[in-house]
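Below: the structure, in structure tokens.
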Number of protein chains: 2
Amino acid sequence: MTDDIVASVVRQWQAVNPELDTGPMELIGRINRCAALLQQAEDAPLRAAGLTRAEFDLLGAVRRTDRELTPGELARETFSSGAAVTKRLRVLQERGLVDRRSDDRDRRVNHIRLTGQGRELVDTLLPRQLAYERAVLSGLDEQSRTRLSAQLSELLVQLEGRIGGGRR
Amino acid sequence: MTDDIVASVVRQWQAVNPELDTGPMELIGRINRCAALLQQAEDAPLRAAGLTRAEFDLLGAVRRTDRELTPGELARETFSSGAAVTKRLRVLQERGLVDRRSDDRDRRVNHIRLTGQGRELVDTLLPRQLAYERAVLSGLDEQSRTRLSAQLSELLVQLEGRIGGGRR
DNA sequence: AACAGGTGTTACACATGTAAAACATTTCTC
DNA sequence: GAGAAATGTTTTACATGTGTAACACCTGTT
């Protein structure tokens with residue numbers, strides 16, 4: 001059994017102060033570190049397409065909901081601030097990937113939709129992205145992956161209730 | 001069994017394109033989302049002490065290794081760029097939490113150490129931080145946590161080999 | 001002595017969040 | 001009903017934190 005980085009950090013803390021209950025660190029540290037490595041890996045194929053992950057998330061949100069979304073909805077959907085969404089939308093619009101339509105009833109709101117080009121980009125990019133991710137995860141067999149998913153789902157439900165406040 | 005956010009996103013994708021193999025998304029999405037929520041939670045007690053998580057990580061690295069570290073070592077230890085470490089060290093030094101000593105042999109390198117105040121801050125803050133994290137994770141019982149830790153460790157070892165390149 | 005390589009800092013670009021502003025709508029009050 | 005106040009939506013202004021790349025400096029080698 002090999003040691004991961006978190007285990008060695010925990011060992012350092014124990015050596016310095018054996019009283020510490022490092023239990024939470026072992027779990028949270030591993031989640032954070034896995035997330036950092038995975039996010040770094042995920043960036044590679046997107047950069048090849050000239051997109052940041054945040055931009056891709058935004059496009060994906062419009063694509064998967066399959067309807068027009070307002071900037072506010074996009075902010076909630078992608079867990080980012082309204083200001084960040086505004087900026088991203090501007091560059092995506094300049095690149096011809098999204099389009100706006102203003103509401104007839106309420107002139108405050110816009111409706112964002114994908115252009116044909118934007119939709120095509122997501123539809124070619126997402127399978128490629130998923131294939132890449134599958135390769136990154138290939139060190140774990142199917143069973144380990146689903147088991148891990150299920151346990152993280154349990155944790156995630158707890159955290160959403162305790163911290164996130166829920167969305168929508 | 002309640003649905004988490006990732007499950008609902010996956011369902012949206014399946015509705016739009018049933019061909020998609022969303023397997024990787026379910027695992028990676030959950031890891032990323034858990035990490036985001038946990039990091040947000042972790043920030044709260046640190047902000048109360050006037051520190052960012054990055055600053056606390058840096059102080060913690062010096063404390064747990066129990067020796068003086070160079071800025072370069074700190075950058076590797078905290079997985080951030082040299083420039084970021086330089087900036088952080090400047091503000092931590094201005095606040096009197098760290099101290100520098102220049103090497104006698106090699107005048108390029110500095111050795112960073114905690115001041116008494118810095119060490120005291122870490123030593124009071126870390127247990128508080130761990131207690132807070134324990135509370136956040138209290139939705140899962142001991143057994144679930146250790147099982148999850150172990151499985152993530154397995155994944156992490158794979159990822160470190162595949163992506164991270166290892167450290168030290 | 002020149003140079004190849006390593007170490008830390010600075011300069012710059014950029015993405016993000018918070019807070020304020022700009023604008024539209026709805027509701028309340030008289 | 002008309003005007004005022006409250007509410008909602010998006011954008012803009014500003015501050016901040018980060019990474020890349022250029023820079024300055026030092027060492028050891030040839």
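Atoms considered below: every heavy atom in the structure, side chains included; atoms not considered: hydrogens, waters and symmetry mates. So you know, we letter chains A, B, ... as the sequences are listed, proteins then strands, and number each from 1.
- Nucleotide D:dT9 holds its P atom 14 Å from the CG atom of A:Leu74, rounded to whole Å.
- In terms of modelled atom types and a separation under 3.5 Å, the side chain of A:Glu160 and the main chain of B:Ile5 share a donor-acceptor contact.
- Residues of residues 66-73 of chain B having a heavy atom closer than 4.0 Å to DNA chain C, listed by number: B:Thr70, B:Pro71, B:Gly72.
- Contacts of A:Arg105 classified as salt bridge (charged side-chain N to carboxylate O under 4.0 Å, His left out), with partners at least two apart in sequence or in another chain: none.
- The footprint of chain A on DNA chain C, defined by a heavy-atom cutoff below 4.0 Å, extends from C:dT16 to C:dT25.
- The list of salt bridge (charged side-chain N to carboxylate O under 4.0 Å, His left out) pairs with a residue in residues 112-130 of chain B, not counting sequence neighbours, reads B:Arg63-B:Asp123, B:Glu68-B:Arg113, B:Asp99-B:Arg113, B:Arg119-B:Asp123.
- DNA chain D lies under 4.0 Å from at least one heavy atom of each of the following residues of residues 103-111 of chain A: A:Arg108, A:Val109, A:Asn110.
- Among residues two or more places apart in sequence or in another chain, the side chain to side chain donor-acceptor pair (under 3.5 Å) test is passed with B:Asp104 by none.
- Residues satisfying the salt bridge (charged side-chain N to carboxylate O under 4.0 Å, His left out) criterion with A:Arg134, sequence neighbours excluded, are B:Asp21.
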Which pairs would a plain distance check flag for residues 83-92 of chain B, meaning a side-chain donor or acceptor within less than 3.5 Å of a matching protein atom at least two apart in sequence or in another chain?
| from | atom 1 | to | atom 2 | distance (Å) |
| --- | --- | --- | --- | --- |
| B:Thr86 | OG1 | B:Gly82 | O | 3.1 |
| B:Arg88 | NH2 | B:Ser80 | OG | 2.7 |

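- If you chain together hydrophobic residues whose side chains sit under 4.5 Å apart, B:Leu130 and A:Leu155 fall into the same group.
- Contacts of B:Arg100 classified as salt bridge (charged side-chain N to carboxylate O under 4.0 Å, His left out), with partners at least two apart in sequence or in another chain: none.
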Do any N or O atoms of the protein come closer than 3.5 Å to N or O atoms of nucleotides 19-22 of chain D, and which pairs are they?
| from | atom 1 | to | atom 2 | distance (Å) |
| --- | --- | --- | --- | --- |
| D:dG19 | OP2 | B:Ser81 | N | 3.2 |
| D:dG19 | OP2 | B:Ser81 | OG | 2.8 |

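- Residues satisfying the salt bridge (charged side-chain N to carboxylate O under 4.0 Å, His left out) test with A:Glu142, not counting sequence neighbours, are A:Arg145.
- Closest non-hydrogen pair, A:Pro24 versus B:Leu137, comes out as CA-CD1, 4.1 Å.
- Within 4.0 Å of B:Arg53, counting heavy atoms only, lies no atom of the nucleic acid at all.
- Qualifying side chain to side chain contact (heavy atoms under 4.5 Å, CB included) partners for B:Glu19, counting only residues two or more places apart in sequence or in other chains: B:Asn17.
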